[in-house]
Amino acid sequence: MDRIAKDVGEIQSRLIDHRPVTQGEIRYFVREFEEKRGCRENRLLEKLNKMVVESNEQVLPKCSEYMQEHLCDVITRLEAANHMADRVHQRELEAHQVTTLELSMEHCKEEWEEFLKEQQRLREEVDEEHAKAVGRLSTQYSEMKKDLSKLSPF
């Protein structure tokens with residue numbers, strides 16, 4: 001009876017409890033998936049490896065050779081371009097200096113003309129004051145002559 005109960009329990013557990021079967025199916029599915037994925041990744045890695053090897057063996061030497069052949073030419077052109085840029089910069093600097101100098105000269109001329117006008121105005125004031133002073137002195141001397149001629153009997 002003990003054996004029968006054990007067998008009935010085993011049958012019941014197989015009929016009702018599906019966990020071990022499900023787990024086995026899941027393990028099988030995962031194994032299959034990983035194998036297919038692993039094959040796919042292997043193929044992809046092999047392709048990448050082949051491309052890298054091809055690049056290292058063919059493309060890289062060609063690029064290095066081309067670079068060695070044309071590097072001197074590039075350097076020469078770069079130096080020429082730098083020289084031209086320096087000349088353009090120098091011309092712009094000179095043009096700026098000339099413009100600044102011309103503006104400064106114009107400003108100096110304006111100041112000089114203003115100075116000359118001021119000197120002319122001051123000269124005219126001095127001439128006017130001198131003319132007045134000469135006029136006063138002439139009047140004073142002529143009065144003094146009259147007074148002197150009145151005092152002198154000769």
Side-chain angles (χ1 to χ4, degrees), residues 13 16-154:
S13 103
I16 295 175
D17 189 14
H18 298 291
R19 267 185 267 151
V21 175
T22 309
Q23 287 176 350
E25 287 294 322
I26 290 172
R27 276 190 231 116
Y28 174 76
F29 176 76
V30 168
R31 231 180 293 126
E32 286 292 317
F33 179 74
E34 286 178 350
E35 285 177 13
K36 289 180 182 176
R37 185 173 136 211
C39 290
R40 203 173 333 126
E41 287 181 357
N42 276 343
R43 282 191 303 250
L44 184 68
L45 288 174
E46 286 173 4
K47 279 184 182 179
L48 288 174
N49 188 26
K50 183 179 177 184
M51 286 174 44
V52 168
V53 168
E54 184 178 303
S55 294
N56 283 339
E57 291 175 354
Q58 294 175 0
V59 176
L60 187 63
K62 286 180 184 177
C63 288
S64 296
E65 181 182 321
Y66 186 78
M67 185 178 69
Q68 290 297 330
E69 290 174 0
H70 294 79
L71 190 60
C72 291
D73 186 39
V74 169
I75 290 173
T76 305
R77 288 181 182 184
L78 183 62
E79 288 174 350
N82 280 339
H83 182 68
M84 291 165 112
D86 287 342
R87 285 194 333 214
V88 167
H89 177 69
Q90 187 66 29
R91 285 182 194 157
E92 287 179 7
L93 188 62
E94 289 172 0
H96 178 69
Q97 287 175 344
V98 167
T99 305
T100 306
L101 184 62
E102 288 174 352
L103 289 174
S104 178
M105 287 176 64
E106 270 185 44
H107 183 68
C108 287
K109 284 180 182 179
E110 290 172 0
E111 286 181 352
W112 181 252
E113 288 174 6
E114 190 176 310
F115 173 75
L116 289 178
K117 286 178 184 176
E118 180 67 21
Q119 290 302 314
Q120 179 68 24
R121 186 184 63 76
L122 290 174
R123 191 182 88 204
E124 288 174 359
E125 285 180 12
V126 168
D127 286 347
E128 187 179 312
E129 287 180 25
H130 178 69
K132 286 180 184 177
V134 167
R136 274 183 278 153
L137 285 175
S138 296
T139 307
Q140 185 180 0
Y141 280 123
S142 59
E143 286 177 10
M144 285 173 76
K145 267 188 183 179
K146 284 182 190 177
D147 287 343
L148 189 61
S149 58
K150 285 182 189 178
L151 291 176
S152 267
F154 311 97

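Summarising the geometry of S55 relative to P61, their closest heavy-atom pair is O-CD, 4.3 Å, with the distance given to 0.1 Å. Between R136 and E129, the closest heavy-atom pair is NH2-O, 4.4 Å.
Using a distance-only test at 3.5 Å, with no hydrogens or angles considered, a donor-acceptor pair links the side chain of S64 to the main chain of L60.
Between atom CD of residue Q68 and atom CD of residue E65 there is a gap of 9.5 Å, rounded to the nearest 0.5 Å. E106 contributes atom CD, which lies 7.5 Å from atom CD of E102 (distance to the nearest 0.5 angstrom). Interatomic distance, S138 OG to E143 CD, rounded to the nearest 0.5 Å: 11.0 Å. With values rounded to the nearest 0.5 angstrom, L44 atom CG is found 11.0 Å from N49 atom CG. M105 CE to L101 CG: the interatomic distance, rounded to the nearest 0.5 Å, is 6.0 Å. Interatomic distance, CG of N82 versus CD of E79, reported as 8.0 Å (0.5 Å rounding).
Remark: E46 does not engage K50 in a salt bridge, criterion side-chain N to carboxylate O under 4.0 Å. Salt bridge status for E128 with K132: present, with a side-chain N to carboxylate O gap under 4.0 Å.
Heavy-atom contacts from other residues, nucleotides or ligands closer than 6.0 Å to CD of E114 number 12 or fewer.
Contact of the L116 side chain with the Q120 side chain is not registered, since no non-hydrogen atoms from C-beta on lie closer than 4.5 Å.
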| task | Walk me through it: do E111 and H107 pass the test side-chain hydrogen bond (donor to acceptor under 3.5 Å, both in side chains)? | result | CA-CA 6 Å; E111 286 181 352; H107 183 68; 2.7 Å; yes
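Just one residue in the list Q90, H89, H83 forms a side chain to side chain contact (heavy atoms under 4.5 Å, CB included) with R87, and that residue is H83. Screening Q119, E124, E118 against R121 for a side chain to side chain donor-acceptor pair (under 3.5 Å) leaves a single residue, E118.
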